[in-house]
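Take a look at the structure below.
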Number of protein chains: 2
Amino acid sequence: MSADTRQRLLDGTLVAMREHGVAGISARTIAAAGGVNQALIFYHYGSVDELLTAACLVNTKERVDRYTERFAAVGSLRELLRVGRALHEEERRLGNVSILAQLLAAAQTDGKLAHATKAALALWIEQIEAVLQRLLAGAPFAEVADVPGLARAISAAFVGLELYEGVAEEDAQRALAALDQLAVLVEVVDELGPVSRRALRAKIGRASRTTTRVDRRAPRT
Amino acid sequence: MSADTRQRLLDGTLVAMREHGVAGISARTIAAAGGVNQALIFYHYGSVDELLTAACLVNTKERVDRYTERFAAVGSLRELLRVGRALHEEERRLGNVSILAQLLAAAQTDGKLAHATKAALALWIEQIEAVLQRLLAGAPFAEVADVPGLARAISAAFVGLELYEGVAEEDAQRALAALDQLAVLVEVVDELGPVSRRALRAKIGRASRTTTRVDRRAPRT
DNA sequence: GTCTATAGCTGGATAGAC
DNA sequence: GTCTATCCAGCTATAGAC
C-alpha cells in the first residue's frame, strides 16, 4: 500500500534522525529504521533530501497541531513558556531529537533544505506570534514591542535550547527555567501603577526608537 | 613543518564547514580546503571527529578572546546585546557559518562531539555570566534572577539565532533587534522608584519561587 | 508498488615509499 | 612529516524482475 509506505518512510526518517543525526543519516538508515526497502525512497520521494524536507514539514505540522489548543488557552507569557516547556519535555520523553533543529543546521549550506526548514519554523512562529499579539494587546509593553520580531526571537531561541539540551540536559533545563524570570518581568511591568507606567512608556519608547531600526511591517513568510 | 600543517587543517576545517556544513564535511573536503594532503588529518589528529572537536574549541577560543575586552567594557544589558550583534555580524561578514552551531547539531548523536561542543559553548557562557553578574549586582532583578541560568539561556538562544539567520537573514535580524526591547525592560525596571521597586521585588520573588522548578502536571489531552 | 542487484562514487583509514 | 596508492565500507540512484 503506497500510503502506508510513505508513512513508514516519514516515521523511519525521524527514527534515523534520532539515531544518527543529520551527519549520519542516509537512504539506507532511513529505510532500515522504517522497515522499508531502500529503493522506495527514490520511488516515492525522488531523493533523500526531498524525503527529509517532507518529513520535517509533516512532523512540524503534526506537532504544531497537537499544541494549537494549548496555545489558544494560554493566558499569560508565563503560561506560554509553560507550554513551551511541556512541548520540550514531551519531545525528550519520546526520545526525539528535534528534527527541525537538525535540519536547520544542515540547511545552512543547502538551499533546498533552507526553504523547507524556514517554512517549518514559520509554523511555530505563526502560533507564537498570535499568542503574543493577543496577550500584549493593550499592555504598555505592546506599544513599543515588535511582536513579530519577538515571536521570531522566541522561536529561534527555542531551537538553540533544544540543541543545548542535547549536550547538557541539566544546564538547558536551568536556562529554560531562567526564562520564566523574564516573562515575570514583562507581566510585572504591565501591572505597575499609572505613574510608573507612564514613565516606563516614555523610557521604553525613547530607547526603542534609537535602537530598533526595523520597519514594522509583518515579514512575508 | 608540523605546526603549519596543523594550522592549515584547522583553517581548512572552517572553510569546509562553511562550504559543505556538518552533513557534507569529510576528510577529503577538509584537506582540499586547507591545501593539505588528506592522510595528514589522521597523522595529526587521529580521526576526522577529533579534528572537528579541536577546530571547534580553537575557533571558539579565538573568537571569545577577540571579544573579552569588549565584554569587559559592557556597561548595560543593551550594550551586551550590541556586542552580541557585532559579533554576529562579523561572523556573517567573514562568511563563517557558526561552526559551533553546526557541531552542536551533530553532537546530538555523538558523545565525543557533545563533550567538545559543551566545552566550547561554556567559553561563551562564562563570559556572559561574568557580565551579567557585574551588571546586575545590586539591582532588584538580581535578587531573584538565576544569573547562571540566564547566561545559559542567552548563549543557547544565540546559537538558535545564528542557525535561523542561515535560512532567513532579515527575519533573524529583526528577532535580534526585538531582544533589545527585553533588555530595555530589565533596565527600566531597575531604574524605578523605591516604592515600585518594593512591589516588584515582592511580586517577582513570589512568582519565581513558584515556577522555577519544572512543572510536572500531566498535560491535558 | 515493491523487490533484488548492481553501477558508480565517495567516505575513513592505513601501508609504505620518500 | 609528507606523499601516493589503495582497501573496503557505505553512499545515492537506477535497471529490471516480479
Side-chain angles (χ1 to χ4, degrees), chain A residues 1-56 58 99 102-103 105-113 116, chain B residues 1-56 58 99 102-103 105-107 109-114 116:
Chain A
M1 204 195 300
S2 170
D4 184 63
T5 299
R6 292 175 69 92
Q7 188 58 48
R8 277 163 178 269
L9 284 171
L10 293 174
D11 294 342
T13 302
L14 298 188
V15 174
M17 193 64 90
R18 169 164 75 237
E19 284 173 6
H20 307 281
V22 243
I25 208 160
S26 74
R28 282 166 153 81
T29 57
I30 292 171
V36 175
N37 189 285
Q38 180 248 144
L40 293 176
I41 288 173
F42 303 95
Y43 178 81
H44 286 290
Y45 289 95
S47 72
V48 173
D49 269 11
E50 280 172 78
L51 172 55
L52 287 182
T53 62
C56 182
V58 170
I99 188 173
Q102 291 276 313
L103 287 192
Q108 304 295 307
T109 52
D110 182 332
K112 278 177 188 159
L113 279 182
Chain B
M1 207 193 302
S2 169
D4 184 63
T5 298
R6 291 174 71 91
Q7 187 58 49
R8 276 164 179 269
L9 284 172
L10 293 175
D11 294 342
T13 303
L14 298 188
V15 175
M17 193 65 90
R18 169 163 77 237
E19 284 173 8
H20 308 281
V22 243
I25 208 160
S26 74
R28 284 166 156 83
T29 57
I30 292 171
V36 174
N37 188 285
Q38 179 247 140
L40 293 176
I41 289 173
F42 304 95
Y43 178 80
H44 285 290
Y45 290 94
S47 72
V48 174
D49 269 11
E50 280 174 78
L51 172 54
L52 287 181
T53 62
C56 181
V58 170
I99 187 173
Q102 291 275 311
L103 287 191
T109 52
D110 182 332
K112 278 178 186 160
L113 279 183

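All values derive from a computational prediction rather than experimental measurement. Order of the sequence lines sets the chain letters (A, B, ...), proteins ahead of strands, with each chain counted from 1.
Atom OH in B:Tyr43 sits roughly 9 Å away from atom C1' in D:dT2 (whole-Å rounding). When rounded to the nearest whole Å, the span between CZ of B:Arg8 and C1' of D:dG1 equals 14 Å. Atom CZ of B:Phe42 and atom P of C:dT14 are 8 Å apart (whole Å). Residue A:Ile41 contributes atom CD1, which lies 17 Å from atom P of C:dG1 at whole-angstrom precision. As rounded to whole Å, 14 Å separates atom P of C:dG11 from atom CG of B:Leu52. Straight-line distance from the NE2 atom of B:His20 to the C1' atom of D:dC11: 17 Å, rounded to whole Å. The nearest whole Å value for the distance from the CD atom in B:Glu50 to the C1' atom in C:dA13 is 13 Å. One atom, CG of B:Leu40, and another, P of C:dC18, lie 18 Å apart when rounded to the nearest Å.
Rounded to the nearest 0.5 angstrom, B:Ser2 OG and B:Leu40 CG are separated by 9.5 Å.
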Mind running side-chain contact (heavy atoms from CB on, under 4.5 Å) on B:Tyr43 and B:Thr5 for me, showing each step along the way? CA-CA 11 Å; B:Tyr43 178 80; B:Thr5 298; over 6 Å; no
Quick one: do B:Tyr45 and B:Leu10 satisfy side-chain contact (heavy atoms from CB on, under 4.5 Å)? Show the steps, please. CA-CA 10 Å; B:Tyr45 290 94; B:Leu10 293 175; 3.6 Å; yes
For B:Thr109 and A:His20, what are the C-alpha separation, side-chain angles and deciding distance, and is it a side-chain contact (heavy atoms from CB on, under 4.5 Å)? CA-CA 6 Å; B:Thr109 52; A:His20 307 281; 5.6 Å; no
For B:Met17 and B:Leu52, what are the C-alpha separation, side-chain angles and deciding distance, and is it a side-chain contact (heavy atoms from CB on, under 4.5 Å)? CA-CA 9 Å; B:Met17 193 65 90; B:Leu52 287 181; 4.0 Å; yes
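A distance-only check finds no donor-acceptor pair linking the side chain of B:Arg28 to the backbone of B:Gln38 [under 3.5 Å]. Between the A:Thr13 side chain and the A:Leu9 main chain, a donor and an acceptor come within less than 3.5 Å of each other. Panel note: side chain B:Gln102, backbone A:Ala105; a donor-acceptor pair is recorded below 3.5 Å.
Taking the salt bridge (Lys or Arg N to Asp or Glu O under 4.0 Å) definition, one finds that B:Arg18 meets it with nothing, sequence neighbours left out.
B:Val36 comes within 4.0 angstrom of no nucleic acid atom, judged by non-hydrogen atoms across all strands.
The side chain of B:Ser26 places no N or O atom within less than 4.0 Å of a non-bridging phosphate oxygen (OP1 or OP2) of C:dT10. Side-chain nitrogen and oxygen atoms of B:Thr5 include none within less than 4.0 Å of the OP1 or OP2 phosphate oxygen of D:dG1.
Of the candidate nucleotides C:dG1, C:dG11, D:dC11, C:dG1 has the atom nearest to the side chain of A:His44.
Taking the C1' atoms of five terminal pairs at each end of the helix from C:dG1-D:dC18 to C:dC18-D:dG1, the two resulting helix axes are inclined by 0°, rounded to 10°.
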Could you list all N or O pairs between the protein and nucleotides 4-6 of chain C that sit under 3.5 Å apart?
{"from": "C:dT4", "atom 1": "OP2", "to": "A:Asn37", "atom 2": "ND2", "distance (Å)": "3.2"}

